[in-house]
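We use all heavy atoms of the structure for the numbers below, so side chains are in, but hydrogens, waters and symmetry mates are not.
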Amino acid sequence: MALSNRDRVGKGLDLLGTGLRPFFMREMHAALGDAWAEQAAAGAKEGSSAAEFRDVYVLLKAMWDYWHQVFGKVLGQAERTLVSELRDVRNRWAHNAPFSADDAYRALDSVHRLLQAVSAQEAVEADHMKQEILRVRFA
């Protein structure tokens, strides 16, 4: 059975969470020390725990919230724009919004670019996923 565009975006978001997490944890620890997880979890939402930093929503929100303190020191404005865009993509996906082929390609391209920016090996798979959308579209 062929994947829907929404399914492709969901898989891309899963891949983003997996690839982003090591970078996120390393940079948060380097900038904020050993107590970074408790500090960030407290800011994320009441009752949050460090374990929730496996969720792409929580990772992207924390990256946005800690941009000036942490991530803006190692990433540029283009990457901040990707974080913002991907937060919107994730919210649209979570609320069952439809994704056209163009929307899905754009989302996966943004996933690919952010993963490349943090040198995540998952960037290769994200690139394959966006190329598959093109193959399906033009077949």
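In this structure, the side chain of D109 does not engage the main chain of R106 through any donor-acceptor pair within 3.5 Å. Panel note: side chain K130, backbone A126; no donor-acceptor pair is recorded below 3.5 Å.
Taking the centre of each ring, W93 and Y57 stay at or above the 6.0 Å mark.
Between atom CZ of residue R21 and atom CD of residue E122 there is a gap of 12.5 Å, rounded to the nearest 0.5 Å.
Residues W67 and V83 are in side-chain contact: their nearest non-hydrogen atoms beyond the backbone lie under 4.5 Å apart. Looking only at side-chain heavy atoms (C-beta outward), F71 and R80 stay at 4.5 Å or farther from each other. The shortest distance between side-chain heavy atoms of M63 and L82 does not fall below 4.5 Å. At least one side-chain heavy atom of I133 sits less than 4.5 Å from a side-chain heavy atom of L108. In this structure, the side chains of V118 and F24 stay at 4.5 Å or more apart for every pair of heavy atoms. By the 4.5 Å heavy-atom criterion applied to side chains, V56 and L60 are counted as neighbours.
Applying side chain to side chain contact (heavy atoms under 4.5 Å, CB included) to Y66 and the options E27, M28, K61 leaves one that passes, M28.
For the pair R92 and F99, the cation-pi test (distance below 6.0 Å, angle within 45°) is passed.
Criterion: ILVMFWY side-chain heavy atoms under 4.5 Å apart, direct or through other members. Under it, L86 and V74 are part of a common hydrophobic cluster.
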**Message:** Show, in sequence, the C-alpha distance, side-chain angles and deciding distance for E132 and Y105, and conclude whether the side-chain contact (heavy atoms from CB on, under 4.5 Å) test is met.
**Reply:** CA-CA 9 Å; E132 179 62 23; Y105 181 84; over 6 Å; no

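Between A120 and G19, the shortest heavy-atom distance links the atoms CB-O, 3.6 Å.
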